[in-house]
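Below is one structure, written out as structure tokens, with a few remarks after it.
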Amino acid sequence: MAVAARKAGRAGAGAANKTTSTKGSTRGAASNSPQFDKSQDLAAYSDMLLIRRFEEKSGQMYGMGLIGGFCHLYIGQEAVVVGMQMATKEGDQVITGYRDHGHMLACGMDAKGVMAELTGRRGGLSKGKGGSMHMFSKEKHFYGGHGIVGAQVSLGTGIAFANQYRENGNVCLTYFGDGAANQGQVYESFNMAQLWKLPVVYVIENNRYAMGTAVSRASAQTDFSKRGVSFGIPGEQVDGMDVRAVYAAGQRAIEHARSGKGPYILEMQTYRYRGHSMSDPAKYRTKDEVARMREEHDPIEQVRRRLLESWKLSEDELKAIDSRVREIVNEAAEFATHDPEPDPSELYTDILL
């Protein structure tokens, strides 16, 4: 599904009208977003729905004790990674933090392999040894979820350096959150990337609460698009709940980086519906706030309405898409609960001394 979305994004590039950023507001109006054609809306809907259903199932399995350790769900933020992936080309890389299941699926990684890794099984994408926060796929150009806050930023900058050195024309999308944006290594990376004009796009997923503290209480500069100003790195705020706005901004940022102009910062103004992790009751915000976001800004519902109203799809057709997605997720869950655990000998492999 993710590959189809990328192809749809490239095919429909001419259909996306140039848009302005949503700077100064937390949610851009639909009129500020480019228009998608039918294939783009269908691809985005399917990919975002896959992430949503996968994360819902992951939450259920965690509650049943089938997934251990930490588990950070991406529910509510689906438009960010799907829109960005639609703007990439084959060979562009992705690296992110520990809220990473959605990024893996958007990169085209097999849902069975992702779920099996969550349950610590042999067929997992890290052979069952990494779990939720540590998966990797060289084939899909996905260089990890990383459990250390902000650590992926310097690594993503290094991947961009390798791209420049190899002259391969690829761009590294480096994702991190509003909490990680205050880490010192982020600014060391910004300095190096701009100094050497590295092909990297820094995607700050601002879901407002980091681990549980509102941005307004933890950050002196709450406009994260300006975090690169002192280094001369351009940036913009984007309505991260609108996949069309994300796609358009992603095109601009990736083209900037790919053309040799250096890094670009995109602040995605998004929102997670669940707590920071499965162990977080999220008492730092009201239930009304979450309900209002779901009702007024849900990224999947926005596309669903367009499919019904603009493209005249029927409810039955949308139910068929949901049914197909649920089948994929259920098959992944079935595989992940019956696949054997890793052989004990695996404890001694993939170790760097």
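Residue numbers run from 1 in the order of the sequence given.
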Looking only at heavy atoms, what is the nearest atom pair of [X] and [Y], with distance?
{"X": "Arg122", "Y": "Asp339", "value": "N-OD2, 3.2 Å"}
{"X": "Thr174", "Y": "Gly156", "value": "OG1-CA, 3.4 Å"}
{"X": "Pro34", "Y": "Ala248", "value": "CG-CB, 3.7 Å"}
{"X": "Ala193", "Y": "Val200", "value": "CB-CG1, 4.0 Å"}
{"X": "Pro342", "Y": "Gly128", "value": "CG-CA, 4.2 Å"}
{"X": "Ile328", "Y": "Ala111", "value": "CG2-CB, 4.0 Å"}

ILVMFWY cluster, [X] and [Y] together (side-chain gap under 4.5 Å):
{"X": "Val114", "Y": "Val81", "result": "yes"}
{"X": "Ile75", "Y": "Leu105", "result": "yes"}
{"X": "Ile233", "Y": "Val229", "result": "no"}
{"X": "Met104", "Y": "Met133", "result": "no"}
{"X": "Met268", "Y": "Phe224", "result": "no"}

Point to revise | Ser345: partners by side-chain contact (heavy atoms from CB on, under 4.5 Å), with sequence neighbours left out | key: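 In terms of side-chain contact (heavy atoms from CB on, under 4.5 Å), with neighbours along the sequence ignored, Ser345 is linked to Asp343.
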Exercise for review: Apply side-chain contact (heavy atoms from CB on, under 4.5 Å) to Asp322 and list each qualifying residue two or more places apart in sequence or on a separate chain.
Suggested key: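 Here the qualifying residues are Leu49, Arg53, Arg326.
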Is a side-chain N or O of [X] found less than 3.5 angstrom from the main chain of [Y], in a donor-acceptor match?
{"X": "Asp178", "Y": "Ile204", "answer": "no"}
{"X": "Glu267", "Y": "Gln237", "answer": "no"}
{"X": "Thr349", "Y": "Glu346", "answer": "yes"}
{"X": "Gln183", "Y": "Val153", "answer": "no"}
{"X": "Asn207", "Y": "Arg272", "answer": "no"}

Review point. Stepwise, does the side chain to side chain donor-acceptor pair (under 3.5 Å) test hold for Glu117 with His134?
Key: CA-CA 9 Å; Glu117 189 60 40; His134 302 98; over 6 Å; no
Review point. What pairs meet the ring-ring contact (aromatic ring centres under 6.0 Å, His included) rule with one or both residues in residues 70-96, with sequence neighbours excluded?
Key: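 Residue pairs passing ring-ring contact (aromatic ring centres under 6.0 Å, His included), neighbours aside: His72-Tyr98, His72-His276, Tyr74-His103.
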Check your understanding: What's the verdict on side-chain contact (heavy atoms from CB on, under 4.5 Å) for Met86 and Val82, showing C-alpha distance, side-chain angles and the deciding distance?
Key -> CA-CA 6 Å; Met86 291 177 76; Val82 169; 4.3 Å; yes
So [Y] and [X], do their side chains get closer than 4.5 Å, heavy atoms only?
{"X": "Met84", "Y": "Tyr175", "result": "yes"}
{"X": "Pro299", "Y": "Val243", "result": "no"}
{"X": "Leu173", "Y": "Asp92", "result": "no"}
{"X": "Leu125", "Y": "Phe142", "result": "no"}
{"X": "Leu318", "Y": "Tyr45", "result": "yes"}
{"X": "Arg99", "Y": "Glu205", "result": "no"}
{"X": "Ser132", "Y": "Ile67", "result": "no"}

Those residues that, when tested against [X], pass ring-ring contact (aromatic ring centres under 6.0 Å, His included) (two or more places apart):
{"X": "Tyr264", "answer": "His256"}
{"X": "Trp311", "answer": "none"}
{"X": "Tyr62", "answer": "none"}
{"X": "Tyr209", "answer": "Tyr284"}

Exercise for review: Let me see the working for Glu341 and Arg121 under side-chain contact (heavy atoms from CB on, under 4.5 Å), right down to the final yes or no.
Suggested key: CA-CA 4 Å; Glu341 293 185 354; Arg121 304 305 174 110; 4.2 Å; yes
Which side-chain N or O atoms in residues 300-307 pair as donor and acceptor under 3.5 Å with protein atoms at least two apart or in another chain?
residue : atom : partner : partner atom : Å
Gln302  : NE2  : Met241  : O            : 3.0
Gln302  : NE2  : His297  : O            : 3.1
Arg304  : NH2  : Glu315  : OE1          : 2.5
Arg304  : NH2  : Glu315  : OE2          : 3.1
Arg306  : NE   : Asp41   : OD1          : 3.2
Arg306  : NE   : Asp41   : OD2          : 3.3
Arg306  : NH2  : Asp41   : OD1          : 2.8

Going by atom types only, do [X] and [Y] share a side-chain donor-acceptor pair under 3.5 Å?
{"X": "Arg294", "Y": "Tyr271", "value": "no"}
{"X": "Tyr273", "Y": "Asp298", "value": "yes"}
{"X": "Gln93", "Y": "Asn163", "value": "yes"}
{"X": "Asp37", "Y": "Ser39", "value": "yes"}

So for atom [atom1], which belongs to [X], do other residues, nucleotides or ligands contribute more than 12 heavy atoms lying within a distance under 6.0 Å?
{"X": "Met61", "atom1": "CE", "value": "yes"}
{"X": "Lys38", "atom1": "NZ", "value": "no"}
{"X": "Leu308", "atom1": "CG", "value": "yes"}

**Study point:** Verdict with reasoning, Thr88 to His141, per side-chain contact (heavy atoms from CB on, under 4.5 Å)
**Key:** CA-CA 12 Å; Thr88 62; His141 314 294; over 6 Å; no
Check your understanding: Can Arg252 and Glu236 be said to form a salt bridge (Lys or Arg N to Asp or Glu O under 4.0 Å), step by step?
Key -> CA-CA 10 Å; Arg252 292 192 294 274; Glu236 62 180 286; 2.6 Å; yes
Can you give me every donor-acceptor pair (side chain of residues 210-220, partner residue at least two apart or in another chain, under 3.5 Å) with its distance?
residue : atom : partner : partner atom : Å
Ser219  : OG   : Asn182  : ND2          : 3.3

Exercise for review: Go through Tyr143 and Phe136 one step at a time and tell me if the ring pair (Phe, Tyr, Trp, His ring centres under 6.0 Å) criterion holds.
Suggested key: CA-CA 5 Å; Tyr143 289 86; Phe136 185 96; 5.4 Å; yes
Review point. Does the distance from a Lys or Arg side-chain N to an Asp or Glu carboxylate O, for Lys127 and Asp350, drop under 4.0 Å?
Key: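 Yes, Lys127 and Asp350 are salt-bridged.
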Check your understanding: Under the side chain to side chain donor-acceptor pair (under 3.5 Å) rule, what pairs show up with a residue in residues 145-157, not counting sequence neighbours?
Key ->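 Pairs touching residues 145-157 that pass the test: Thr157-Tyr202.
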Point to revise | ILVMFWY cluster membership beyond Leu347 - transitive side-chain contacts under 4.5 angstrom | key: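 Listed partners: Tyr348.
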Check your understanding: Which hydrophobic side chains are connected to Phe335, either touching it within the sub-4.5 Å cutoff or through other members that do?
Key ->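 So far as hydrophobic clustering goes, Phe335 is joined with none.
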Review point. In terms of the angle between their ring planes, are His101 and Phe54 parallel, tilted or perpendicular, with boundaries placed at 30° and 60°?
Key: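 Because their plane-to-plane angle is over 60°, the rings of His101 and Phe54 count as perpendicular.
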Review point. Would Glu78 and Glu55 count as a side-chain contact (heavy atoms from CB on, under 4.5 Å) if you check the C-alpha gap in whole Å, the side-chain angles of each, and the deciding distance to 0.1 Å?
Key: CA-CA 10 Å; Glu78 297 91 350; Glu55 293 292 64; 5.9 Å; no
